[in-house]
Amino acid sequence: MPFMIETFDKANHHDLRLALRDEHLVYLDEHMHLLIACGAKLNDAGDHASGGVYLVALEEREAAREFIENDPFYKGELFERVEIVRWRQAYLDGKNTL
């Protein structure tokens, strides 16, 4: 069963996010085979991120922890906190997958 990793950026660290973004995207491309979905959590205007959500096809919590700890955002100390929880897919692309 996959994991959901939710990240929460430190306050007032938007410039750091932008500085690390290209390296972060390379990391995600290199690990695309593990990603069910991922993306940033945005403010209502859509112009600033405050963290992200990753749905990863990993079976062990330790592997999910290692995945996020190797992300350049994590290594660059962008995150205030990270939460890792089991995730069960129920719907994907408008289809019930249970």
Residues Q89, I36; criterion side-chain contact (heavy atoms from CB on, under 4.5 Å); working and verdict: CA-CA 10 Å; Q89 179 180 304; I36 297 167; 4.3 Å; yes
Using 0.5 Å steps for rounding, measure from the [atom1] atom of [X] to the [atom2] atom of [Y].
X: E69; Y: F79; atom1: CD; atom2: CZ; answer: 11.0 Å
X: C38; Y: I5; atom1: SG; atom2: CD1; answer: 10.0 Å
X: D9; Y: L78; atom1: CG; atom2: CG; answer: 4.0 Å

L28, D29, L55 screened by side chain to side chain contact (heavy atoms under 4.5 Å, CB included) with L35, the one that passes: L28
In the single-linkage hydrophobic clustering (I, L, V, M, F, W, Y; side-chain heavy atoms under 4.5 Å), do V82 and V85 co-cluster? no
Are L25 and I68 co-members of a hydrophobic cluster defined by side-chain heavy atoms under 4.5 Å apart? yes
Atom [atom1] of [X]: over 12 foreign heavy atoms under 6.0 Å:
X: F8; atom1: CZ; answer: yes
X: E60; atom1: CD; answer: no
X: R65; atom1: CZ; answer: yes
X: N12; atom1: CG; answer: no

Tell me the closest heavy-atom pair linking P2 and A57, and the distance in Å. CB-CA, 4.3 Å
Shortest non-hydrogen contact between F73 and R17, atoms and distance: CE1-NH1, 3.2 Å
Between [X] and [Y] (side chain of the first, backbone of the second, donor and acceptor by atom type, cut-off under 3.5 Å), is there such a pair?
X: R61; Y: I84; value: yes
X: N43; Y: D47; value: yes
X: T7; Y: G51; value: no
X: K10; Y: E77; value: yes
X: H13; Y: A11; value: yes
X: H24; Y: L20; value: no

Give the C-alpha distance, both sets of side-chain angles, the deciding distance and a yes or no for side-chain contact (heavy atoms from CB on, under 4.5 Å) between Y91 and L98. CA-CA 8 Å; Y91 285 83; L98 295 175; 5.6 Å; no
Using a 4.5 Å cut-off on heavy atoms from C-beta on, say whether the side chain of F3 contacts that of Y54. no
Considering only heavy atoms from C-beta outward, does the side chain of L34 approach that of H31 to under 4.5 Å? yes
Is the distance between the ring centroids of Y27 and F67 under 6.0 Å? yes
Under-4.0 Å salt bridge between K41 and E6: yes
